[in-house]
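Sharing a structure here in structure tokens format.
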Amino acid sequence: MHTDIVSKYKGIYIAMYSAYDEAGNVDKERVKQLARYYTGKGVKGLYVGGSSGEGILQNEEERKQVLEAVMEEVRGELTIIVHVGANSTRESVELAKHAESHGADIISAVPSIYYRLPEAAVETHWQHMIDSTNLPFIIYNIPQTTGFTLSTKLLAKLAAQDKVIGVKMSGESTFELQQYKETGGEEFLVFNGPDEQFLAGRIMGADGGIGGTYGVMPELFVKLDYLFQENKIEEARMLQIKINGIIKKLLSYPSLYGACKHILSLRGIETGNPRLPMLPASAEHHDSLAQLNREIEETVALYTAKA
Ligand SMILES: CC(=O)N[C@H](C=O)[C@@H](O)[C@H](O)[C@H](O)CO
Ligand SMILES: CC(=O)C(=O)O
């Protein structure tokens, strides 16, 4: 039986980008600068090495370097969830043990990708990671990229273990999200994945969110969560609509990550280009990205101004 898990870990987690130097190598100083930038903004923590963090585009050593930089910079200040999913179970277990030895708070993983695996194989894959450390584990369900949909049957089986404390639900169905919450129970964490549906996910039972676009506007998601908690649903809906206008523009670029990383660079936070095949923002988009950055900054100023 899980106790106090939800109150301990609920909240807003930024799916953090990785930071590279001009040659495309992991740059630990830049990772630290980015992690530092996210402190003091009201978020609960960071989700490191996930989709936005390009963990699956990095080798094992690089993934370790990114996590080490994060831990060296913000350990104790932010709750750190590490994505340790790799295609082989062996590598995932190695990353899980590394995460534990460096003080990460929680591990998480997608299924193995490329092979179309039966549920029993995905279960075994996750179970090995779970058994390899004493850390809590959060299932990462993102069927639109992995091709694997977490069934409530498997969720129930995994959630029966003390170490399995939650699921990051990146599928778009808020009905399934609600079913996951019902299956896992009140003391099982459900994180909303699609940033565009944060409020909808919260209304249907999510305890918080983990998202990639939070990285360029964490203040807005912290505010949105606050409005939901205060039961100011109409105000929250207006903010979600404002956020969605921004996300729609972000998604219109060659890659979401390239756009977000360029916006961060306009604020003095250099993280390099995303790693190919993720396309960088190209020069022709710099003007519109500068305009979008101003729009985000104005919205943040508006929503964080004292009433
Ligand atoms: C498919 C995907 O990567 N989803 C992310 C996490 O769940 C989201 O944070 C999106 O990046 C975001 O909602 C923009 O569509
Ligand atoms: C978006 C998200 O949650 C991730 O990048 O893993």
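Counting starts at 1 for both ligands and their atoms, in listed order.
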Point to revise | Nearest non-hydrogen protein atom, atom 10 (C) of ligand 1 | key: Asp195 OD2, 4.3 Å

Review point. Are any of the N or O atoms of Glu196 closer than 3.5 Å to those of ligand 1?
Key: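 Glu196 vs ligand 1: N/O contact under 3.5 Å present.
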
Review point. If we only count N/O pairs under 3.5 Å, is Thr213 in contact with ligand 1?
Key: no

Exercise for review: Give the numbers and elements of all ligand 1 atoms closer than 4.0 Å to a heavy atom of Gln144.
Suggested key: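 By the 4.0 Å cutoff, the relevant atoms are 1 (C).
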
Exercise for review: Can you sort out which atoms of ligand 2 are near Ile210, meaning under 4.0 Å from one of its heavy atoms?
Suggested key: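 Matching atoms, with element in brackets: 3 (O).
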
Exercise for review: May I ask you to list the atoms of ligand 1 that are less than 4.0 angstrom from any heavy atom of Gly211?
Suggested key: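 Counting from 1, the qualifying ligand atoms are 9 (O).
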
Check your understanding: Side chains of Ser151 and Glu119: donor-acceptor distance under 3.5 Å anywhere?
Key -> yes

Point to revise | Donor-acceptor pair between Thr89 and His125 side chains, under 3.5 angstrom | key: yes

Check your understanding: Taking atom types as modelled and ignoring hydrogens, do the side chains of Gln291 and Asp287 form a donor-acceptor contact shorter than 3.5 angstrom?
Key -> no

Review point. In terms of residue, atom name and distance, what is the protein heavy atom nearest to atom 3 (O) of ligand 1?
Key: Ile142 CD1, 3.9 Å

Check your understanding: For ligand 2, which part of Ser51 has a heavy atom less than 4.0 Å away: the side chain, the backbone, both, or neither?
Key ->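 Answer for Ser51: both.
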
**Study point:** Closest non-hydrogen atom pair between Leu158 and Trp126, with its separation
**Key:**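 Closest approach of Leu158 to Trp126: CD1-CE3, 3.7 Å.
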
Review point. Of all the non-hydrogen atoms in the protein, which one sits nearest to atom 7 (O) of ligand 1, and at what distance?
Key: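 Going atom by atom, the protein heavy atom closest to atom 7 (O) of ligand 1 ends up being Ser170 OG, 2.5 Å.
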
Exercise for review: Just jot down the ligand 2 atoms closer than 4.0 angstrom to any heavy atom of Gly212, in number order.
Suggested key: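 Result: 1 (C).
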
Check your understanding: To the nearest 0.5 Å, how far apart are OH in Tyr303 and CG in Leu220?
Key -> 8.0 Å

Point to revise | Subset of ligand 2 atoms that lie under 4.0 Å from at least one heavy atom of Gly50 | key: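 Those qualifying, in numeric order: 6 (O).
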
Practice item. Within a distance under 4.0 Å of any heavy atom of Ser52, pick out the atoms of ligand 2 and give their elements. Key: 1 (C), 4 (C), 5 (O)

**Study point:** Greater than 12 external heavy atoms within 6.0 Å of Glu186's CD
**Key:**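 12 or below, so no.
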
Point to revise | Sub-4.5 Å side-chain heavy-atom contact between Cys260 and Leu250 | key: yes

Check your understanding: For residues Gln127 and Asp131, is any side-chain donor paired with an opposing acceptor at under 3.5 Å?
Key ->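 Per modelled atom types, Gln127 and Asp131 side chains form a pair under 3.5 Å.
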
Review point. Does Ile138 reach the side chain of Tyr13, with side-chain heavy atoms less than 4.5 Å apart?
Key: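 Of all side-chain heavy-atom pairs linking Tyr13 with Ile138, none is under 4.5 Å.
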
**Study point:** Side chains of His285 and Ser282, donor plus acceptor under 3.5 Å
**Key:**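 Yes, because at least one side-chain N or O of His285 sits under 3.5 Å from a partner of the opposite role on Ser282.
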
Review point. For ligand 1, is there an N or O atom under 3.5 Å from any N or O atom of Gly212?
Key: yes

Practice item. Please report which non-hydrogen protein atom sits nearest to atom 11 (O) of ligand 1, along with the residue it belongs to and the distance in Å to one decimal place. Key: Leu256 CD2, 3.6 Å

Exercise for review: May I ask you to check whether Ser51 has an N/O atom sitting below 3.5 Å from an N/O atom of ligand 1?
Suggested key: no

Check your understanding: Any heavy atom of Pro194 sitting closer than 4.0 Å to ligand 1?
Key ->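 A heavy atom of Pro194 does come that close to ligand 1.
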
Practice item. Measure Lys168 to ligand 2 on non-hydrogen atoms and call it side chain, backbone, both or neither using the 4.0 Å cut-off. Key: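 The answer is the side chain of Lys168.
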
Review point. In ligand 1, which numbered atoms sit nearer than 4.0 Å to a non-hydrogen atom of Lys168?
Key: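 Here the atoms of ligand 1 in question are 6 (C), 7 (O).
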
Check your understanding: What residue and heavy atom of the protein are closest to atom 5 (C) of ligand 1, and at what distance?
Key ->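 In this structure, atom 5 (C) of ligand 1 has Gly193 O, 4.2 Å as its nearest protein heavy atom.
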
Check your understanding: Does one side chain, of Tyr38 or Glu73, offer a donor that lies under 3.5 Å from an acceptor on the other?
Key -> no

Check your understanding: Is it the case that His102 and Glu72 place a side-chain donor and acceptor less than 3.5 Å from each other?
Key -> no

Exercise for review: Establish, from distance only, whether the side-chain atoms of Tyr140 and Ser51 form a donor-acceptor pair under 3.5 Å.
Suggested key: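 The answer is yes; a qualifying pair exists.
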
Check your understanding: Does any N or O atom in Tyr257 lie less than 3.5 angstrom from one in ligand 1, N or O only?
Key ->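 N/O-N/O distance under 3.5 Å: no.
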
Practice item. Give a yes/no verdict on whether any heavy atom in Tyr13 is under 4.0 Å from an atom of ligand 2. Key: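 Distance cut 4.0 Å: Tyr13 fails for ligand 2.
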
Point to revise | Side-chain H-bond candidate by donor/acceptor type, Tyr47 with Ser52, under 3.5 Å | key: no

Point to revise | For Ala15, the ligand 2 atoms whose distance to one of its heavy atoms is below 4.0 Å | key: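 It comes down to these atoms of ligand 2: 1 (C), 2 (C), 3 (O), 4 (C), 5 (O).
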
Check your understanding: Could a heavy atom of Gln197 be found less than 4.0 Å from some atom of ligand 1?
Key ->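 False for this residue.
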
Practice item. Pull out every atom of ligand 2 sitting under 4.0 Å from any heavy atom of Tyr140, numbered as shown with elements. Key: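 This gives 2 (C), 3 (O), 4 (C), 6 (O) as the contact atoms.
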
